[in-house]
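Following: one structure in C-alpha cells, then a few remarks.
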Amino acid sequence: MSADEPVVDASLTMASMTDRICAIALREHAFLWWWIAFIPCAALVGLLVVSIVYLFYAGVGIWGINWPVMWGFAILSYVWWIAIASGGTIISALFFLVRADWRDSINRIAESMMLFGAAAAGIYPILHLGRPWLFYWLFFYPNVMTLWPQFRSPLLWDFWALFTYVFASILFWYFGLVPDLASVRDRATTARKQRIYGALALGFRGTRRQWKHLRATYGVMAAIMAPVVVSIHSIVGLDFAGAATPGWHSTQFPPFFVFGALLSGFAIVLLLVIPMRRLLNLEDMMTGRHLDVLCKLLLTSSLLICYAYSMDAFTTFYGGDQAERTMFEARVFGDYRPVYWGAMLFNCLLPQLFWSRRLRRHIPTIVLVCLGVVVGMWLERYEIVVTSLHRPHLPSAWGNFHGTFWDWSTLFGTIGLFLSGILLSVRYIPIVSMHEMRSLIAENRSAKETGA
Amino acid sequence: MAAIFGPAANLASKVFLLLAAAALPGGMLLWWRWPKTDYARNRREAVAQPVPFSHQHHVAGLGIDCRFCHASVEVSSNAGLPPTYTCMTCHSQIWTKAALLAPVRESLITGIPIVWRRVTDLPDYVYFNHSIHIAKGVGCESCHGEVATMALTYKAKALTMKFCLDCHRNPGPRLRPKSAIFDTKWHRTADTPSPATLLGIYHVPDRNLTDCSLCHR
Amino acid sequence: MSSLNTRSDRLWRSLEEAAAEPGFLASVAQEFPQLAASLGKPVDRRQVLKLMGAVLIMNGLQACGSKFGGELIPAVKIPPNIIPAMPNFYASAHVLDGYASGIVVKHNMGRPIKVDGNPNHPASLGAADVFAQAQLLDFYDPDRAAGLSRQGIPSDRASLEKALEAQRSALSGSGGTGLRLLTGTVTSPTLAGRIDAVLERYPEARWVSWDPISRSGVRQGAALAYGRPLETRLRLERADVLVAIDGDLFDTDPGRSRHARDFSSRRNPSRTAEMSRVYAIESTPTLLGSVADHRFIAGPAEIIGITAAMADLILGSSAADSGAAQGRAMAGVPPWLGPMVADMKAARGRVFMHIGASQPPRIHALAHAINEALGARGETFELIEPVAHMSGRQQELRELIADMQGHRVESLLILDSNPVYAAPADWGYAEALRQVPFSLALSRRADETGRSATWFVPRAHDWEAWSDARAYDGTAGVLQPQSLPLYDGMSELELLGRYIESAPADSEAAVRATWQARMTGDFEIRWREALAAGVIPGSASPTSHAALRAAPARTSPELPGGGADALSVLFRADPSLWDGRFANNPWLQELPRPLTKLVWDNPLLISPALAHELELHNGDVARLSIGQASVLAPVWILPGQARHCITALLGSGRRFAGSIGDGQGVDYTPLLALPGTPKLTKTSGHVDLASTVHHNLLLETPPEILRHGTLAEYRANPRFAADSDHEPHLYRTVPPGPAVWAMSVDLNACIGCNACVIACQAENNISVVGKSEVLREREMHWLRIDRYFEGSATAPQSFLQPVLCMHCEEAPCENVCPVGATVHDAEGLNVMVYNRCVGTRFCSNNCPYKVRRFNFFAYGREQYRPAESWNPDVTVRARGVMEKCSYCLQRIAEARIAADRDSLPVGEVKTACQVACPTQAFTFGNLADPSSAVSQRKQSPLDYAMLEKQNTRPRTTYEALVRNPNPAIAADLPPPAPGRAPA
Amino acid sequence: MKALLAGFATEQGLKSALQRLSAARIDYAETYTPMPPDADASGSPVPLWMFVGGMLGFIGFFLLMTYADVRAYPLDIGGRPTFAWPTFIPIAFELGALCAMVTGFFGYFALCRMPVLYDPVDECESFREASRNGWFLTVHSDDPELLDRVRSTLQALDPASLEEFSA
C-alpha cells in the first residue's frame, strides 16, 4: 500500500456504498462490540451526573483548587475538550474549503467529534462557577438590576465564543446530514424508522432546487465555521494571555492554542477512524491514504507545537521578568516537571515517528502516538493552568495543587459523555457522508473513463 | 409504495416549527417582564399583622407625624419601630378595653415585644440609610407609597435595583421641599421649586450616586 | 452609661430580640457539646464548624442571610440613648494574668460586636492586642453554657449557696484552718481587698498566686537588686540603644502594646531625629528579635555567660567570689560583644537593657545593676512600687500541693486558674486535688480543673460582672459589664463575698466601695468620669527611690550543668493561646503565629542544624523526653533558632477546652519543671502542619516586593527605595470622586504582632475555615503579614510585610471579571460586589498581590458563633463568592453619610487595622486633603509601591524598611537590595 | 392532475431525457438526483442573506454593547475607557457569525419550502432509488395526451422505471 493509493476503492459504487452505510444505521440489533463499548461509557456518564449533583450541593471546594491555584481541572479539561472539538471542525470545514478529497469519507466522524467534544466542553464553564445557578448573568438581557455583563473580560468573550460554537456546530452538522437522512429514510423498512428519519430529513428529495441551494449554503457555512473555530480557540487562549499572571502573559497564546487544537483533533480523529474502518469494515472508504494524510497533518501540527513551546521558553528568558523566570523554572524543574516533560515527550517527540512512511501505516504505532498526543495535550493544559498559577509574583503566595477524586470523576465523566455520544451517532446516524461520497465516487469514475 | 406521511403532514410540520420558533422570543419576553410584575415583587399585598394597625386612621385620620413612631428615621439608617410604650401613650387612655389591642397590653405586661411581620424588605447585602435620604429631601412616599391611605400596610413600590437607580441617576425631580418630606399625599405642583433649585437647597453631593459601593458592602 | 440596672436589662432584652426566642443562646449552646462529641476524634474542624452552623440555622439564625427572617421586633421600652442601628461604645479593660489593658467595646443594639483599644489607657493608647480583641468570641462562646456542677452532676445556685454557707460556718470555727485560695496574679484593688479580708477573717487561711506564664523571675530579680519586687516603667521612646536579652517586650510583657508604640516612635528615620539601634540576643526568635538591627543567637547557657561578660565589661572587673564563673563567661565571648558594649557605654543615659521574664532572677538582678551603671534609671526607665498584690500569708503552689497531699487542706477555692492542665504534671497537682474534701473551681468553662474539683462554678465573663484592674504601670481602670450574664456565671468578687459576712454581695457595690474610699471630690461625678474614660486618673504606681543593693547583683551567676552541646528546651507562652485559656477561640487558633505562620498547632520549634543532625523535616513526629517523662510531638524547623535549643509552646493539647480547642496540638506540661537534660529522638510518625506560608524559603526578597536598606544607605540617599519614574500610561490616573482614599504602611513600624489581622477579621466578618481547609491553602484573612527570611538558615534576617488589597488605580482584577462584580468607585476604591459575583475566580488569578480570598464552601454559615456576634454593617459572604479587603468600606460609608447629612466634607476615617495597630504602622485617609495624615506619609522619601513594574498604581504604598546596624559589627548586615532606582 | 415519474440508471440517461423533452418543448420537468446535478451553484440568494444576517448581527450586538457600557450603566473598570470598542469586537464577531449561520440554516429551508414531508411522488415505488442511485424526472400536466407524448418520448430512452401517479 502507498500514498498514491486511491481515497476510495475502485470497486465501490454509489449503490453499494449507500446500502452499506444505511444498513449500519438501520441495524435491528446493535453489534456486540457496540454494547461492550457503550455500557462502560454510560456508566461514566452516571458518574458525571453524581459528580455534578454533589458539586452543586457542596460547592467548588470539593475540587482541589485553592489559593493561589484558583483554576484547576474545570478550566484545563474545558480547554482540552474545546481543542478536540475544534480539530473536528477544522477537518470538516477547513478541508471542505480546500476541496480535500480524502475528507469526504471521514468528515461525518469529524463532525460528531466536534459535536460531542463541544458538549463535553460546554458543561465545564458552568460547573466551574462558584455560583453556577447564576451563569445567566453572562447573557445580556434587560433586567431589574439594569446591569450588563462586563465586555472587557476574555471570559465573557469565551462564553459567547463557546455559545456560538456549540450552536453553529449543531446547525452545520445537521445541515450536512439532511440528504443522508433522506437516504436512510428511503432505505428504512419499518414504519417507525421511516417516520423518524423522514421527519428528520424534512422532506429532502434531491430536487434540483434543493441541491443547488444546499451546495451554496453549505459552502458558506463551512466558510463561516472555519474562522469561528479559529476564533474560539484563540479566545480560549486569550483567557490566559489576557491576564498579567506569570506564565500566561504571552502574545503567542492564541495561535499556540490553535496548534493544540489541530494536534489533538487529528489524534482523536485517527483514534476514531482506525477502529471504525475495521469494525464496520469500511477500509475501502477510509483507506490507508487517509491514515497517511492524517498522520502527516499530525506531524505538521506537532512541529507547530514544538515551535510554540520553544518560543514560550525563549520569550520567558529573553523577556527577563523575574517572576516569569521563577515560574518557568518551577515548571521545568519543580514539583510539576513530569507534567512539562510529559507534554514534551507526547506532543513533540513521539509524533516525530511519522517521518517514517512505514510507521504512518503501522496501526499500533499510530494508535500509540495518538493516545500519547491526547494525554500530552491534557498535560500541556495542566502545565499552562496549574503550574503557571502555583508560582505567582509574591513568594508568600506560592502554593501547590492536587486534583481530588471529584476532579478526576468529572473529567472521566465527560470522557464517558463524549464516547457515548460518538457511539450513539455510530449506531443511529449514517457514519459516512453519503451524498459527498457519491460525488467523489462519480468523480473517480469519470476520471477513470477519461483516463481510459 | 405508500408515502410515509400524508398530505396533512406538510402543514402540520410547518406549523410545529413556527410555534417552536415563536417559543424563544416568547420565553425571553416572559423572562424580561416577569420580575417586574407586582406578583413577583409582591406589591399591594397587605400583610397580616398581630395587631391590624391602620396607618390611614393614625396618619390621615389623627394626623400623627411619621416620626412619632418611626423616631430614628432622621438620625439612623434604621427608621425604628414604635416600642410598646409608644402605643400605650394613647392606648392607656383610649380603647383601653379594645380586643384588637390585647396583644399590645399583653406585651406591656409580659415585657415580651410585639412581633410584626416585615412589609418592605431589602436584601441583606443592600445597606439603605433612611437618615441621608430624609436629609436630602426624599419623601417617605417616594419608596413607601401613600401610606396615609393604607388601612392595612402593604408594599407600594417595586423596590428593585432599577427602582433605586432611576432616582439615583436623576435625583432632582424626586426631591421635595423640607415641609413635604413626611407628607405622603404631596405631589409636585407649579410652585414647587425646580429640581435644580432643590438639588442646590439640599447640597446633594457631587459624588457618583450610582457607585456600587454606595449601597453594597 | 454607668448604672448597671438601666443598661443591662436593656442589653438582655435586645439580645433576646435579636435571637427570635428568649434564652436562645443557651438553648443553642447546649446542643454543641453533644454535636462535637458525636463526631468523634480526630475532629475535622470544618465539619464541626459546619454542624455548629447547622444548629444556628435550625434556630432560624443563619450567619449570612437575614438577621430577623421575616420579622420586625421592636423594644417594649426604648432605653435612653440607644438608637436603632447606631453603635454605642463603653470603656472597659482586658485583663491577662492580672495586668489590664484598656479597651472600648462597640455595641450594636446592645450587642458587643467589636473591641478596640482605649486611647486614654496608658497600656493601650488606642491599640488592642490579639487577646483583647478576640475575647469577643470568648464572650459569645457557646461552650460557656455548661452550668454549675457538683462532682460532674449538674447542680443549681441554691445548693451551691447552701454548701458555701456550710463551709463558712465550719471554717469560722477553725479560724480558717485548711482554707486555701488559688488565683493568678491579682492587681485588682477590689479583689485584693476581698482576699485580704478573707485572710483576715480566717487567720489560718493561705493564698496562692500562681501563673503558668510566670513573671516570678522578674520579681525575684528586682527583689535581689532592690530588696523589694519593684516593677519597671519603660520609656523606650528615649532609648537610643536597646539591648534585649531573650526579649519578650512585645510578646508577653504586660506593657507590650505600649512598649511597641514607644519603640516604634524611634524607628523611621524619615520621622525621628535619631533612629534607635536595637540588639537582640536570644535563643528563639521573638517579635523584638525579628525587627532588631542586630539579632545574635545564643543558647540559654551562652546567654548567661554573655550577660555575665557584659556585667564584667560594664560594671568593671568582678569580685573574687565569681571569678571562676566570669572566666568561663569571658572565654566564650563572641566578637560582637565588645562593639555592642561600647555602643551601650557611648549611649549612657539613653540606653536600656531588657531581660526576658523567663530568665533566672540573677540575670535580672545583673541587668538592673548594668542599667543603673549606664545611668538609664530615671531616663529610659523608672522603678515603681509593685503593681501585683502581695500578702504576708502567701504560699507557693508547690507548698500548697504539699499541704494538699498531706491532707492539710480542707477547702480550696480555685479562682480562674487551671492548674490541673497548666501546672507541671510532675508536681502531681491533679492527684493532690483528690485529697481535698471541698474544692471549688471558678473557671471560664468546664475545663480540666473544673471537672476535677468537687464544685465547678462557671466564672462570669469580664463583660458580665464588675471588676477593676491595674495596668503594667499601676494605672487602675474599672471593668464595667457589657451585658447581663449570658450564662449563669459568678465572679471572684461575688464568690469571696460569700466568705465574709460584712461584704456587699454583688460585684458592683464592691467595686464602688473600693473607689469611694480612694476618690476625692464628688464621688458620683468622679465615678462616672472614670467609667466613661476607662481609667482612674492619678492611680499609677508611685516611682520608687529604692537604692540598688550592691552585693547580690555583683554575683554573676554560674552556668547550669550540661555544657554547650546539651539540648535545652524553652517552654514559652503560645503567641495566640497564651497558657491555653484561649484554646477554644477559633480566631486565635487560626491566627498565623508571627514567625512560623502556623495555625491550629504547636509543634516543637527546632533549628535547621538540629533538624539536619536528626534528619527531621517539618511535620515529622519526634519524641522529646526528659528523664522518664516524654512527649510525642511534630517538629517545625525555624530559621534563627539556637542550634541546640528547642522551643515548646504551651497552651495546646487541652483535654477540656471546648469544642474548638479540644485535642488541638500537643500538651507539653508533662515535661515542665523537670531536671535533667532533654533528649530528642526521631520517630516514624508524620503530622501535616498547617502553615499559611506554604514555602518557607530563604531567598533575597525581591526589591519590587519588600525594599530595605541601612541607615547609612538612607543617609547617603533618602530616596534609595523610591519608585523609579512611572512608565507613561494610557488611562485616567485618579477617579473624579470628592475623596481619594489611600493607605501607607510603614515597614519600620510593623512588629508582626497580628493585632491588625484579628481586627480585620472581627470588623469584616471574616470566616474561620479550620485546619483541614488551611492545609488545602484556603485561609480567608483579608490582611496577612508576609514574612521573608534573608541570609543563612542559621542566622537569617527576617522581614515582615502586612499585605492587604492595594486598591490599584488600574486594577487588573476588574477588567477580567465577566459580570463586573469588582469595579472602581469614584473615590478610587476597588469595590467587590459580593452579590454580583458568580465566582469565576479570574480576578484572583490576575491579582499580582494575591489578596483575594474565595469562599470555596459556605464558610459564613459554618462559624462557631451566634449571629448576634457578627458586624451588622458588613455582608457575610455566601458560598462561591470572592472577597477581599475593602478599606473598611462600611466605615467610609458611615463617615460619608454623616458628612453628607450636614453637607460637610467627609471627615477622618480609620480602618480597623489602623486602629488596632500598636505601632501605627497603618495610615489611612483622604489624599485629596493635603493636610491628612496619609498625604503626609506618602511624602516620605521611603514611600514605594509593591510590584511597581506591574503598573497597577496601588493606592496602598509602603515605607521601605531601614535598619540601623552598628558599623563596627559588619558581619550580618542585610545585603543592599539590588535593582533600586538610581538616585 | 396527473404526473409521470421516469427513473434512469445513470446521470447520463437523465441528461439525455431532459434534452429530448426540451427538444419537445417540454421544459417544466423536475429532477430528483442522488447527488448534486452538476448544475452550477451560483445564483443562490442564500449566501447574500447570510452575509446580511451576519452583518446585522455584528453591528447590532456591537451597538448593544456600546449602549450598555456608554449609556445604560457606565462603570469604571480598572480605569479603562467606557467605550472600549476593541473589546467589543470578539463578541460582536461571534454573534455575527452565529446570526449568519442561523440565517443560512432557516433561509435554506424557507427557500426550499421545507419541510415538505409529503409529496405525491412519494407514492411511486421506484422513487426510493432517488436517494441511492436513481436519476429521476417528473412531468406534471392536466392534459392526458401531453402526458402520453412524454411517456412515449421517455420510453424510447428505456428508463429504469416509468410510473404515472396522480398529483
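Here is how names work: the chains are called A, B, and so on, in the same order as the sequence lines, proteins then strands, and each is numbered from 1. These values consider heavy atoms only, across backbone and side chains, with no hydrogens, waters or symmetry-generated copies. No experiment lies behind these values; they were computed from the predicted model shown.
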Checklist entry - For A/A397, is it the side chain, the backbone, both, or neither that has a heavy atom closer than 4.5 Å to a heavy atom of chain C? => result side chain

Checklist entry - Which bit of A/N400 comes within less than 4.5 Å of chain C, counting heavy atoms only: side chain, backbone, both or neither? => result both

Item to check | Leading residue by heavy atom contact count with chain A [cutoff under 4.5 Å; candidates C/N845, C/V819, C/T692] | outcome: C/N845

Item to check | Leading residue by heavy atom contact count with chain C [cutoff under 4.5 Å; candidates A/D321, A/D158, A/I65, A/D239] | outcome: A/I65

Checklist entry - How far apart are the C-alpha atoms of A/F151 and A/F140, what are their side-chain angles, what is the distance that settles it, and do they pass the ring pair (Phe, Tyr, Trp, His ring centres under 6.0 Å) test? => result CA-CA 10 Å; A/F151 306 109; A/F140 21 69; 5.5 Å; yes

Checklist outcome for this item: Ranking A/H249, A/R152, A/H393 by heavy-atom pairs under 4.5 Å to chain C gives rank one to A/H393

Item to check | Exercise: identify the closest heavy-atom pair between C/R784 and A/S396 | outcome: NH2-OG, 3.6 Å

Checklist entry - Would a 4.5 Å heavy-atom cut-off, applied to side chains only, mark C/D786 and C/L800 as touching? => result no

Item to check | Single hit among C/R877, C/E773, C/R879, C/R778 for side chain to side chain donor-acceptor pair (under 3.5 Å) with C/Y859 | outcome: C/E773

Next on the checklist: Please classify the contact of C/P812 with chain A as side chain, backbone, both or neither, using a heavy-atom distance under 4.5 Å.
Outcome noted: neither

Item to check | side chain to side chain contact (heavy atoms under 4.5 Å, CB included), paired with C/N830, selected from C/C847, C/C808, C/C813 | outcome: C/C813

Next on the checklist: Quick check on A/I62 against chain C: is it the side chain, the backbone, both or neither that has a heavy atom closer than 4.5 Å?
Outcome noted: both

Checklist entry - With chain C, which of A/S153, A/P125, A/P246, A/A323 has the greatest number of heavy-atom pairs at distances under 4.5 Å? => result A/S153

Next on the checklist: Quick check for you: among A/L134, A/L147, A/V69, A/I75, which has the greatest number of heavy-atom pairs under 4.5 Å with chain C?
Outcome noted: A/L147

Item to check | Top of C/K850, C/R853, C/M946, C/R836 for chain A proximity - count of heavy-atom pairs under 4.5 angstrom | outcome: C/R836

Checklist outcome for this item: If you tally heavy-atom pairs under 4.5 Å between each of A/A74, A/P392, A/G399 and chain C, the highest tally belongs to A/G399

Next on the checklist: With a 6.0 Å cut-off on the ring centroids, do A/Y54 and A/W406 count as close?
Outcome noted: yes

Checklist entry - Are C/E948 and C/R707 ion-paired here, with the side-chain N under 4.0 Å from a carboxylate O? => result yes

Next on the checklist: If we define contacts as heavy-atom pairs under 4.5 Å, which of A/W148, A/F401, A/F135 has the most with chain C?
Outcome noted: A/W148

Item to check | Contacting region of A/P68 [heavy-atom separation from chain C under 4.5 Å] | outcome: both

Checklist entry - So C/H708 and C/F799, ring pair (Phe, Tyr, Trp, His ring centres under 6.0 Å) or not? Walk me through it. => result CA-CA 9 Å; C/H708 59 87; C/F799 299 95; 4.3 Å; yes

Checklist outcome for this item: Cut-off 4.5 Å, heavy atoms of chain C, and the answer for A/T404 is side chain

Next on the checklist: Report which part of A/W157 has an atom under 4.5 Å of a heavy atom belonging to chain C: side chain, backbone, both, or neither.
Outcome noted: neither

Checklist entry - Tell me, side chain or backbone of C/Q801 under 4.5 Å from chain A's heavy atoms, or both, or neither? => result neither

Checklist entry - Is A/R391 close enough and on-axis enough to A/F328, meaning under 6.0 Å and within 45°, for cation-pi? => result no

Item to check | Shortest non-hydrogen separation from C/F857 to C/R776 and the atoms involved | outcome: CE1-NH1, 4.4 Å

